[in-house]
Structure formats: structure tokens, C-alpha cells
Number of protein chains: 2
Amino acid sequence: MGTIDKALDVLGLFTRSRPSVGLSQAARLLGRDKASVLRYLNALQSRGFLEQDSVDRTYHLGPALARLALIREVTYPLNQVAGEVLQKLVDETGETAHLSHYDNGHLATVAVVETRLHSTRVYLDPAQPLPLHASASGIAYLSCLDAKLASSHLPDCPEIFTPDTPTDAATAMALMRQAAQDGFAVARGTFEADVCGVAAPVFGASNQVCGAVGVATPSARFDEPALQTISRHVVQAAAQISHHYGATRPPILQE
Amino acid sequence: MGTIDKALDVLGLFTRSRPSVGLSQAARLLGRDKASVLRYLNALQSRGFLEQDSVDRTYHLGPALARLALIREVTYPLNQVAGEVLQKLVDETGETAHLSHYDNGHLATVAVVETRLHSTRVYLDPAQPLPLHASASGIAYLSCLDAKLASSHLPDCPEIFTPDTPTDAATAMALMRQAAQDGFAVARGTFEADVCGVAAPVFGASNQVCGAVGVATPSARFDEPALQTISRHVVQAAAQISHHYGATRPPILQE
DNA sequence: GCAGTCGGTTCACTATTTGAACCATCGGTT
DNA sequence: AACCGATGGTTCAAATAGTGAACCGACTGC
């Protein structure tokens with residue numbers, strides 16, 4: 001493995017749940033000595049890819065990343081397009097919509113558009129990962145994977161969020177099969193009590209599933225007609241975003 | 001220089017005006033041989049920091065940058081805060097507002113919020129760099145630099161955009177002095193005809209000037225009362241954003 | 001068919017990375 | 001106050017990784 005890969009591994013240490021790391025911690029996580037890791041950290045810092053907190057000496061992701069990401073976004077405005085599609089979805093459904101990408105066993109929220117139609121609405125913390133087994137988006141994502149691959153993504157001891165969270169793999173797999181058939185997934189209070197989710201998978205280049213578009217509704221407003229209109233529009237929105245991500249319809253099952 | 005620096009130099013090749021480069025071009029720009037540059041490009045590509053176009057084989061910035069930038073943004077939402085401040089500025093002034101950062105001899109637009117109050121409004125292309133010598137934001141930025149440093153940032157042959165673009169360094173320096181005194185800069189049709197700009201400098205960590213907040217108004221609506229209210233609010237907005245960027249008031253002249 | 005591109009490959013040569021051992025400092029315990 | 005186990009950071013001989021001229025095949029314009 002080249003030096004560059006090792007340096008990029010360092011950047012990979014930073015996640016939403018671990019946004020800053022110290023020298024010793026980084027060395028431990030990478031399984032390497034401090035001297036080398038320090039050289040990496042310094043190299044990345046001197047170019048603005050990392051910043052060091054002057055008080056606790058930990059490192060966090062730097063402004064150079066924001067700069068480069070913005071160059072990408074200006075050139076090829078995926079986020080802007082996604083935002084517009086989500087806004088349209090919110091207008092069509094009257095409920096909060098979001099887009100998330102698969103990342104390390106979870107779905108990470110990429111964009112949220114809140115509805116302004118109702119005074120009671122679902123709040124989605126962008127920092128909180130969506131579980132694969134208990135959210136509509138997660139089930140929608142898994143439904144595009146080969147059954148074996150999907151079950152390998154289910155944690156051994158899946159976290160229980162509500163009384164309705166599916167506790168065994170069989171239940172989750174059944175939901176996935178249903179979602180694969182329908183083209184969208186429904187979750188009734190499995191992640192948050194009194195919240196229902198409807199989500200459809202999003203595909204990227206080479207038609208690999210890479211995330212999901214979801215709409216979250218307070219259970220009180222979630223009846224059969226609502227499901228009908230929401231699911232139709234969610235599937236549409238997911239297809240539009242997939243198209244911009246470079247997917248060519250129709251999507252295929254991921255082996 | 002370490003290998004990591006060289007790899008990060010590769011990422012530095014990509015700009016808004018040159019969003020994709022080929023192997024030979026990259027080697028030429030870096031003054032290095034193709035073999036090494038190819039290894040860099042491949043290393044960066046394999047980790048998603050670059051992507052290669054499958055038809056013309058050029059490389060462009062990859063999704064890993066967007067992912068990392070989003071982690072940074074979720075942890076420390078500078079863009080969101082900036083967007084909110086700009087929105088408030090738009091509400092207060094009724095005109096389009098923008099934030100830009102200094103980058104390589106220009107100001108690069110980071111965020112724009114358009115007004116919806118008037119049917120005639122200024123359109124700002126986020127891909128187009130703002131010139132230092134001919135835009136209100138540019139003058140505001142330069143006004144925080146030491147006179148010698150500022151003049152070194154003025155191109156030898158400054159581009160002429162309109163009949164009112166300042167052509168000689170002396171005029172530009174005078175505008176800067178005025179801006180330094182007022183705390184904001186005014187540009188009347190110097191960059192785009194029939195557009196007036198008002199801008200105030202933005203400071204980052206260690207109180208270095210790093211960009212500017214600006215409001216762009218069609219000349220027809222730009223009278224003395226407008227200037228009064230706009231300038232007051234622009235200065236306020238710039239101070240708020242500077243604060244979030246880690247600047248500690250009061251700003252000081254950059255040596 | 002020639003000249004000038006392009007992206008990509010090879011391999012002997014060489015400069016860079018490596019990491020154990022080191023130091024100084026900081027909080028908490030005894 | 002001495003000790004302990006952390007922390008961030010430094011040194012330098014040994015080992016490994018990066019380097020780049022020359023090369024290839026493909027393509028384009030003449």
C-alpha cells in the first residue's frame with residue numbers, strides 16, 4: 001500500500017460520530033506508530049485538509065475539503081439537484097423528506113427538507129445515522145441487495161428503538177422482500193414511535209444502490225390514501241436523483 | 001517534500017475554471033513525469049477522491065470529498081450559518097446577497113441567496129470568480145490588507161468589465177482606502193453595468209481576512225437611503241459570519 | 001504513412017518512510 | 001511529593017517505498 005493510501009486512511013478516521021481525534025487515538029485506530037501518524041496529520045494539516053484544535057490538540061476535518069467539495073458541487077451540482085427534488089417531494093406530499101447515503105453500516109443523512117404545511121412535523125437530526133434494519137430508508141436500501149449480502153448487513157444484535165422495531169432477521173428480511181416487490185419500503189414506528197416512513201432506493205453509477213429517499217410522517221396523518229400518494233412520489237423522486245447520480249434505469253439486484 | 005504533499009498538489013489542480021484534467025495535462029501542470037502522476041491519480045481515484053470520466057479519460061473531483069465535507073458541515077455547520085445570515089440580509093435589504101472566499105487571486109462565491117421581493121434582480125453565477133479590483137467584495141477584501149500587499153494583488157493588466165471599471169492601480173487604491181475607513185466598499189457598475197455592489201470583509205481564525213459578504217442591487221434602485229440601510233446590514237452580516245469563522249473582534253490590518 | 005498527441009507500463013536507481021526508543025508534560029492516586 | 005499512565009511530539013539507522021526515462025499501443029490530423 002502506498003503512502004497516499006495511508007494518508008487517506010487518516011481522513012477516513014473522521015466520521016459524524018467521531019469528528020475529531022487525537023494523535024495517540026489515531027495511531028491506535030490505524031494500528032501504526034505515532035511518529036508516522038503524526039507526519040500524516042501534519043502533512044494533511046499544513047494543506048488545510050485537517051485542522052488542530054489549539055486547546056485540546058485534537059485534529060478535525062479542515063476547510064480544504066469544503067473548498068474542493070464546493071468546486072465539485074459548482075461543476076456538477078448533485079446536492080442542489082437533490083435539494084430541488086426533495087423540495088418538490090415535500091410540496092407533493094406535505095411531509096418532511098430526506099436523502100441519505102450508505103456509509104459504514106448505516107445511512108447518513110445528506111439532505112433534509114422540512115415541510116411547512118403542518119405545525120406538527122417530523123424532525124430529523126442530520127447527525128444521527130439511520131439504522132438499516134429499523135428505518136424505511138434502511139429497508140429500501142437493503143431490498144436492492146442480494147438476500148445473502150443483505151442479511152450480512154444486519155447486525156447480530158440489532159438495536160431496539162421502539163416496541164415495533166423488528167427484533168429478528170426473519171422479520172426484517174420479510175420487509176425487504178415486500179419492499180423489493182413494491183419498489184419502496186414502509187416503516188410504521190419501527191425507528192421512532194409515532195412516525196411512519198416511506199422510502200425508495202437510490203442508485204449511483206453502474207446502477208449500484210447507494211442510498212435512499214424517504215418521507216417521514218406523524219403516524220396520526222398516515223392513512224392508506226397518504227401511503228398511496230407518498231409512495232408514488234417517493235419512487236419518482238428516487239428515480240430522478242438516481243438518474244442524476246449516473247444510474248441507467250432499470251435498477252438491478254445487487255449480487 | 002513528502003509524498004502526501006505531492007498527492008494533495010494533485011487535488012489542488014482542480015479549480016472551478018478547470019474542473020477536470022487528463023494525465024498528460026496534470027503531469028505538465030505539476031512539472032513531473034506521467035508515471036508518478038498516474039500513480040497519484042490512481043491512488044486518489046481508488047479512494048473516491050477523484051473520478052475518471054469513462055469516455056474522455058479525464059479526472060475530476062470525487063464523491064469522497066463531498067462526504068468528508070459533509071461530516072465537517074454536520075459537525076460545525078458554517079455553511080448553514082452563513083446561509084441563514086445571508087437570508088436575513090436579503091430580508092433586511094430586499095436584494096440578492098452573497099458570500100465569497102479568497103482563492104488564488106479571485107473571490108470564489110461560496111453561497112448566494114436571491115431576493116424574491118423584486119422581479120428585476122441581480123443574477124450571480126456561482127461559477128464565475130469575482131475580480132479583486134472591480135467588485136465591491138474584492139475592494140472590501142483588499143481594504144484589509146497592508147497597502148503594499150494589496151497592490152501586489154492587483155493584476156498588472158486588470159481586466160476591463162465595463163466603462164466604469166477602474167483601470168489604474170491608483171483609483172483602485174483610493175477605493176480601498178475609502179473602504180478601509182468606512183468598513184465597507186461600494187462598487188457602482190464597475191463589474192457589471194447597471195449593478196451596484198456593497199460589501200464588507202469577512203475574517204477567519206487569527207483574524208485574517210478571508211473573504212467578503214456582498215449585496216448586489218440593480219442601479220435603478222440604488223440611491224442614498226438604500227446605500228445607508230444596505231451598508232449597515234452588510235457590515236453586521238459580515239461581523240456575524242466572521243464570528244462563526246473564529247475571528248475575534250476587532251479586525252486588524254493584515255501585514 | 002508519418003508526426004504528434006494521448007493514456008498507460010516497465011524497472012533499475014534512489015530518496016523517502018518507518019517505528020522503537022526517547023523526552024516533556026499533564027492529571028489523577030497513593 | 002513522588003508515582004503512574006496517559007498524552008503530544010522528536011530522533012535516526014534500517015527498510016521500504018517512490019521515481020522517471022524510455023517504452024508501448026492507440027488515436028488524430030495531415
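All values below were derived from every heavy atom in this structure, side-chain atoms included, with hydrogens, water molecules and symmetry-related copies excluded. Every chain is numbered from 1 and lettered A, B, ... according to where its sequence line falls, protein lines coming before strand lines.
- Residue-to-nucleotide contacts include a donor-acceptor pair under 3.5 Å from the side chain of B:Lys34 to the base of C:dG7.
- A straight line from CG of B:Asp56 to P of C:dC6 spans 13 Å, rounded to a whole angstrom.
- In this structure, B:Arg57 reaches the C:dG8 phosphate: one of its side-chain N or O atoms is under 4.0 Å from OP1 or OP2.
- In this entry the distance linking CG of B:Leu41 with P of C:dG7 reads 10 Å, nearest Å.
- Put simply, OH on B:Tyr40 and CG on B:Leu8 are 10.5 Å apart, with the number rounded to the nearest 0.5 Å.
- Contact check, B:Thr3 against D:dA17: no side-chain N or O comes under 4.0 Å of OP1 or OP2.
- Taking 3.5 Å as the limit, the base of D:dG18 and the side chain of B:Lys6 contain no donor-acceptor pair of atoms between them.
- Rounded to an integer number of Å, the gap from B:Ile4 CD1 to D:dA17 P is 14 Å.
- When the C1' atom of D:dT10 is taken as reference, atom CG of A:Asp33 falls 12 Å away, rounded to whole Å.
- Atoms CG (A:Leu38) and P (D:dT7) sit 14 Å apart, rounded to a whole Å.
- Using a 4.0 Å heavy-atom distance criterion, A:Arg32 is classed as a sugar-phosphate-only contact.
- Note: OH (A:Tyr40) to C1' (C:dG19) measures 11 Å, nearest angstrom.
- Close to C:dC6, at under 4.0 Å from its OP1 or OP2, lies a side-chain N or O of B:Arg28.
- Rounded to a whole Å, the CG atom of A:Leu23 is 17 Å from the P atom of C:dC26.
- Counting non-hydrogen atoms under 4.0 angstrom, B:Gln25 reaches nothing in the nucleic acid.
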| message | Would A:Ser137 and A:Ser135 count as a side-chain hydrogen bond (donor to acceptor under 3.5 Å, both in side chains) here? Give the steps. | response | CA-CA 5 Å; A:Ser137 295; A:Ser135 67; 5.1 Å; no
| task | Starting from the C-alpha separation in whole Å, work towards a yes-or-no answer on side-chain hydrogen bond (donor to acceptor under 3.5 Å, both in side chains) for A:Gln80 and A:Glu84. | result | CA-CA 6 Å; A:Gln80 189 190 313; A:Glu84 287 164 5; 3.1 Å; yes
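- Per the geometry, CG belonging to A:Leu30 stands 14 Å off C1' belonging to C:dT18, to the nearest Å.
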